[in-house]
Amino acid sequence: MRLLTHNMLASNVRGATTGYPLKLEATKFVTKEVELNADFLRGLLPKIDWRALVAATRALGLSELLPEEQPSEEEIFAEGAADVDGSAIRRIHHALLEIHVQEGSLVCPDTNRCFPIDKGIPNMMLHEDEV
């Protein structure tokens, strides 16, 4: 599961008020290199909850990957930034698209219901009494 996916998921358990953001508890994650596409990131960033993304990277022990405050669009998409290692666009791309959580769980912030992640796939199925 990419952190992009994590950023979009919410719990629908009965009793959950928002069910978002899900707390990430990863026991295994891998990095898979993906070609950077600045236009894709430009369209995606307005839909991303920055605080949830930062919390997810911190939960993986990658506290230095992203700053607490989202960089400005000018900084992220500055000409030539995509070619510079460590630039804002490279770090955001890495966080969203190259980190894959393989094993662990997602925890609802309202109900503490755990949703397992197995082989990179989060199981968000609810039990009959949770609907």
Side-chain angles (χ1 to χ4, degrees):
M1 175 191 73
R2 291 181 169 140
L3 295 188
L4 169 60
T5 303
H6 169 262
N7 202 270
M8 304 291 173
L9 290 176
S11 170
N12 289 320
V13 173
R14 184 182 333 145
T17 52
T18 62
Y20 184 85
L22 296 168
K23 180 182 174 190
L24 179 60
E25 296 178 347
T27 55
K28 179 182 176 187
F29 72 92
V30 297
T31 301
K32 298 179 183 178
E33 197 169 314
V34 176
E35 186 176 336
L36 190 146
N37 182 330
D39 291 331
F40 176 73
L41 286 176
R42 187 182 308 274
L44 184 64
L45 272 180
K47 299 170 181 74
I48 296 297
D49 181 324
W50 186 259
R51 288 184 185 174
L53 179 60
V54 169
T57 60
R58 303 275 190 282
L60 295 174
L62 303 172
S63 58
E64 301 300 318
L65 183 58
L66 298 174
E68 286 293 326
E69 298 297 320
Q70 183 173 342
S72 68
E73 192 168 313
E74 292 79 23
E75 179 184 349
I76 295 169
F77 299 106
E79 189 172 332
D83 299 324
V84 178
D85 285 342
S87 65
I89 193 169
R90 283 260 172 216
R91 292 190 320 269
I92 294 167
H93 165 80
H94 179 68
L96 287 171
L97 301 170
E98 294 184 332
I99 296 171
H100 294 255
V101 177
Q102 296 297 304
E103 306 291 333
S105 61
L106 300 169
V107 181
C108 175
D110 301 324
T111 64
N112 288 324
R113 164 69 151 83
C114 287
F115 298 96
I117 303 168
D118 185 34
K119 298 177 186 156
I121 301 170
N123 181 350
M124 302 297 291
M125 295 287 293
L126 299 178
H127 300 293
E128 192 173 310
D129 62 335
E130 296 174 319
V131 181

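Because only heavy atoms are used, hydrogens play no part in the values below, and waters and symmetry mates are left out as well, while side chains stay in.
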Does the side chain of Leu24 reach to within under 4.5 Å of the side chain of Met1, using non-hydrogen atoms?
yes

Nearest non-hydrogen partners of Phe115 and Cys108, listed with the distance:
CE1-CB, 4.4 Å

Residue pairs involving residues 121-131 (criterion side-chain hydrogen bond (donor to acceptor under 3.5 Å, both in side chains); sequence neighbours excluded)
Arg113-His127, Arg113-Glu130

Any donor-acceptor pair under 3.5 Å from Thr27 side chain to Glu103 backbone
yes

Once you round to the nearest 0.5 Å, how far does CD1 of Ile99 lie from CG of Leu3?
5.0 Å

Are any side-chain N or O atoms of Arg2 and backbone N or O atoms of His100, one a donor and one an acceptor, separated by less than 3.5 Å?
no

Set of side-chain hydrogen bond (donor to acceptor under 3.5 Å, both in side chains) partners for Asp110, sequence neighbours left out:
Thr17

Less than 4.5 Å apart, any side-chain heavy atom of Met124 and any of Leu22?
yes

Taking all non-hydrogen atoms of both residues into account, name the closest pair between Leu44 and Met8 and its distance.
CD1-CE, 4.3 Å

State, yes or no, whether a side-chain contact exists between Pro122 and Leu9 at a heavy-atom distance under 4.5 Å.
yes

With a cut-off of 3.5 Å and sequence neighbours excluded, list every side-chain donor-acceptor pair involving residues 50-64.
unit_1, atom_1, unit_2, atom_2, d
Trp50, NE1, Pro67, O, 3.1
Trp50, NE1, Glu68, O, 3.2
Thr57, OG1, Val54, O, 2.8
Arg58, NH1, Ser63, O, 3.0
Arg58, NH1, Leu66, O, 3.1
Arg58, NH2, Leu66, O, 3.2
Arg58, NH2, Glu68, OE2, 3.0

Looking at Val84, is its backbone amide N or carbonyl O close enough to the side chain of Ser87 to form a donor-acceptor pair, meaning the two atoms are under 3.5 Å apart?
yes

Under the side-chain hydrogen bond (donor to acceptor under 3.5 Å, both in side chains) definition, can you give me all pairs with a residue in residues 37-48, not counting sequence neighbours?
none

Is the closest side-chain heavy-atom distance between Thr5 and Val101 below 4.5 Å?
no

All N/O donor-acceptor pairs, side-chain side in residues 89-98, below 3.5 Å, sequence neighbours left out:
unit_1, atom_1, unit_2, atom_2, d
Arg90, NE, Ala82, O, 2.7
Arg90, NH2, Ala82, O, 2.7
Arg91, NE, Leu65, O, 3.0
Arg91, NH1, Gly86, O, 2.5
His93, NE2, Val34, O, 2.8
His93, NE2, Glu98, OE2, 3.2
His94, ND1, Glu98, OE1, 2.9
Glu98, OE2, Val34, N, 3.0

For Glu25, the side-chain contact (heavy atoms from CB on, under 4.5 Å) test, sequence neighbours excluded, returns Lys23, Ser105, Val107

Hits for side-chain contact (heavy atoms from CB on, under 4.5 Å) against Ile121, two or more places apart or cross-chain, chain-then-number order -> none

